[in-house]
Amino acid sequence: MATSCSALLLFGATGDLSRRMLLPSLFALHEDDLIAPGLRIVGTARSDLDDAGFRAFAQAALDEFLPDDRKDAARVSGFLDRLQYQALDASQIDGFGALAAKLGDTSGGLAIFLSTAPALFEPTIEGLRRAGLAHDQVRIGLEKPLGNDLASSARINDAVAAGFSEAQIFRIDHYLGKETVQNLMALRFGNVLFEPLWNAAHIDHVQITVSETVGLEGRKGFYDDTGALRDMVQNHMLQLLALTAMEPPCDYDATSIRDEKVKLLRALRPVKPEEMVRGQYRAGAVQGQAVAGYCDDLGQPSDTETFVAIKAHIDNWRWQGVPFYLRHGKRLAERRSEIVVHFKDVPHNIFATRGGRPRANRLVIRLQPEEYVRLQVMAKEPGLDRAGVVLREVNLDLSLTTAFAKARRRIAYERLLLDLIEGEQTLFVRRDEVEAQWKWIDAIRQSWATGDDEVKPYTAGGWGPNAAIALTERDGRSWND
Ligand code: BG6
């Protein structure tokens, strides 16, 4: 397969993802000369547009979503010149001939980005195959949702596999495109400090929180059918868990890293009913703004969860006895994605007779909105200690934003689109990973369906239902709020 491509084909080109993320990301790659001058970008969707109409659509998207200091009219116009458009109803096989004609010769490599409704996956692959657009110089990026359980995901994967080999398939999890998520590997494997302690002998537990302040965001139908578990835990949070807990890969390449992630995902123990909590937000106030409850946002009754907390266990040597508490929800107190590693207490407190009480070290890896790594260590409070030794927690603080102040912060899709165009698979999810993720998630959903545990209400603007707090408190631990 050619390393780069001469064309990029965007399905769902007039959709929300395209407007907000894909077109601005492609512009950034164009502006920084990271894509070849000859690379054509062909958009396709049902909307009845021509090239000029799509360029106007892209211009409006860039006007809305590019930061002001990046709006260089000449560069934008050069970018728009790359764009072409072919209207297509992907459920109708006939239209694919015209799409192939628009693309012309694709022997120099074609990258396809498929972001469409799940129901259109199979007909789209079939259409591409019949139109001769599934040859071995083609690679295909697939945006979620890729199914809603193991069986439907396997069906989609089978359909894609009928046209493309695994080496041509790029399953997107946009969290892997985030700089700070990749930094997890740099922190773990680029330093000698952490790895010797990164196990059950030294770590008490780990917390992974992805909290959001937003609610439904106009995605009523999709979200209500999906719920928090499948929207965020099945993919992004399990990827964070895998990168945090996997064994050291031998190399920074697609096979080595994905081999380790899949081993880890397969070691996840099925979750017991008492180890999980699901919730749904009620009316409240988020950061000072009054907001409605989920069912009012939705306009109908529903028991879909907008919050989930899980105490997960990994059955391997490294992590035996170390719980990983996962928590995600909409309409929570603040937007925050972080991993907190709680180390064990010191084995013996030499300060006890002098009144000193050391607290266990904690490593806080904040992924967003701020980007930092903070190691909480104990220090002695300055003084003559006549009344005893006072130990206090202080932070060894590494702000990535400050340390790399000169480096341009790129959004996840810039990285992922460039990797797709260049055929670099490391930051994409392999089929066996997705299936291991679904297997664990399906068992949770099965237990919800057959159990009598209900979705618990929580007030918007807080940290979820009380039961989620109890999940850690009854183990003598607390969430890092
Ligand atoms: C998406 C989910 O995959 O990720 C959304 O469908 C969620 O519900 C979003 O809001 C969060 O992404 P980020 O990058 O804003 O943390």
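Looking at heavy atoms from C-beta onward, V341 lies in side-chain contact with I203 at the 4.5 angstrom threshold. Inter-residue side-chain proximity for I112 and R139 is flagged as unmet; no heavy-atom pair is nearer than 4.5 Å. Under the 4.5 Å side-chain criterion, counting only non-hydrogen atoms from C-beta, Y175 is in contact with L240. Here the side chains of Q59 and L80 are in contact, with some heavy-atom distance below 4.5 Å. Put simply, the side chain of I411 reaches to within 4.5 Å of the side chain of M21, judged on heavy atoms. Using a 4.5 Å heavy-atom cutoff, the side chains of R359 and E393 are in contact. Residues K220 and D225 are not in side-chain contact: their nearest non-hydrogen atoms beyond the backbone lie 4.5 Å or more apart. You'll find the side chain of R82 reaches within 4.5 Å of the side chain of L39, heavy atoms only.
At a threshold of 4.0 Å, the pair R55-D81 does not count as salt-bridged, since none of the basic side-chain nitrogens sits closer than that to a carboxylate oxygen. Look at D32 and R410 and you find a salt bridge, because one of the NZ, NE, NH1 or NH2 atoms lies within 4.0 Å of a carboxylate O, short of that distance. Using a 4.0 Å cut-off between charged side-chain N and carboxylate O, E435 and K439 make no salt bridge. Taking a cutoff of 4.0 Å between a charged side-chain nitrogen and a carboxylate oxygen, K178 and D173 do not qualify as a salt bridge. Ion pairing between D397 and R374 holds under the 4.0 Å rule for side-chain N and carboxylate O. One finds a salt bridge joining R327 and D481 here, because a Lys/Arg side-chain nitrogen approaches an Asp/Glu carboxylate oxygen to under 4.0 Å. One finds no salt bridge joining R408 and E31 here, because no Lys/Arg side-chain nitrogen approaches an Asp/Glu carboxylate oxygen to under 4.0 Å. Between R430 and E433, no side-chain nitrogen of the basic residue sits less than 4.0 Å from a carboxylate oxygen of the acidic one, so the salt-bridge criterion is not met. Salt bridge annotation for K311-D475: present, with a cationic side-chain nitrogen under 4.0 angstrom from a carboxylate oxygen. Checked for salt-bridge contact, R318 and E195 meet the test: a charged N lies under 4.0 Å from a carboxylate O.
A donor-acceptor pair is defined here as one N or O able to donate and one able to accept, closer than 3.5 Å; no such pair exists between the side chain of R19 and the backbone of A61. Here the side chain of N199 pairs a donor or acceptor atom with the backbone of A201 at under 3.5 angstrom. No donor-acceptor distance shorter than 3.5 angstrom exists from the side chain of R20 to the backbone of D16, with no hydrogens or angles considered. Proximity of a side-chain donor or acceptor of W463 to a complementary backbone N or O of W479 within less than 3.5 Å is not detected.
Under the 30°/60° scheme for interplanar angles, the aromatic rings of F57 and F54 are found to lie parallel. Note on ring orientation: taking the six-membered ring where Trp is involved, the planes of H205 and Y325 are perpendicular (angle over 60°, cut-offs 30° and 60°).
Annotation: the span from E179 atom CD to R415 atom CZ amounts to 7.5 Å, rounded to 0.5 Å. Rounding to the nearest 0.5 Å gives a distance of 5.5 Å between CG of L241 and CG of L268. Between the OG atom in S25 and the CG atom in L17 there is a gap of 8.5 Å [rounded to 0.5 Å]. Between atom CZ of residue F164 and atom CG of residue L142 there is a gap of 8.5 Å, rounded to the nearest 0.5 Å. Within the model, atoms CG of L264 and CG of N316 stand 6.5 Å from one another, a figure rounded to the nearest 0.5 Å. Going from atom CZ of F222 over to atom CG of N148 covers 9.5 Å, rounded to the nearest 0.5 Å.
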With salt bridge (Lys or Arg N to Asp or Glu O under 4.0 Å) as the test, would you mind laying out the steps for R335 and E212 before giving the verdict? CA-CA 4 Å; R335 175 170 183 253; E212 298 188 287; 5.7 Å; no
D51/K102 under salt bridge (Lys or Arg N to Asp or Glu O under 4.0 Å): CA gap, chis, key distance, verdict: CA-CA 11 Å; D51 291 350; K102 183 87 180 184; 3.0 Å; yes
After noting the C-alpha distance and the side-chain angles of Q207 and T209, does the key distance pass the side chain to side chain donor-acceptor pair (under 3.5 Å) rule? CA-CA 6 Å; Q207 299 181 9; T209 294; 5.0 Å; no
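For the residue pair S152 / D149, a side-chain donor-acceptor distance below 3.5 Å is found, with atom types taken as modelled. Counting only N and O atoms by type, the side chains of Q425 and E166 include no donor and acceptor under 3.5 Å apart. Side-chain N/O atoms of T472 and S478 include no donor and acceptor closer than 3.5 Å. Judged purely by distance below 3.5 Å, without hydrogens or angles, the side chains of Q368 and R366 never pair a donor atom with an acceptor atom. Judged purely by distance below 3.5 Å, without hydrogens or angles, the side chains of Q168 and D136 never pair a donor atom with an acceptor atom. When only modelled atom types and interatomic distance are considered, N235 and R230 share no side-chain donor-acceptor pair under 3.5 Å. Using modelled atom types and a 3.5 Å distance limit, the side chains of T180 and Q182 yield no donor-acceptor pair. Neither side chain, H328 nor S211, offers a donor N or O lying under 3.5 Å from an acceptor on the other. Side chains of H174 and E143: no donor on one and acceptor on the other come within 3.5 Å. A donor and an acceptor atom, one from each side chain of D224 and T304, are located under 3.5 Å apart.
The shortest non-hydrogen separation linking G284 to T459 is CA-CG2, 3.9 Å. Across every non-hydrogen atom of K71 and L62, the tightest pair is CE-O, 3.7 Å.
Around CZ of F189, the count of heavy atoms belonging to other residues, nucleotides or ligands within 6.0 Å exceeds 12.
For F307 and Y458, the ring centers sit closer than 6.0 Å to each other.
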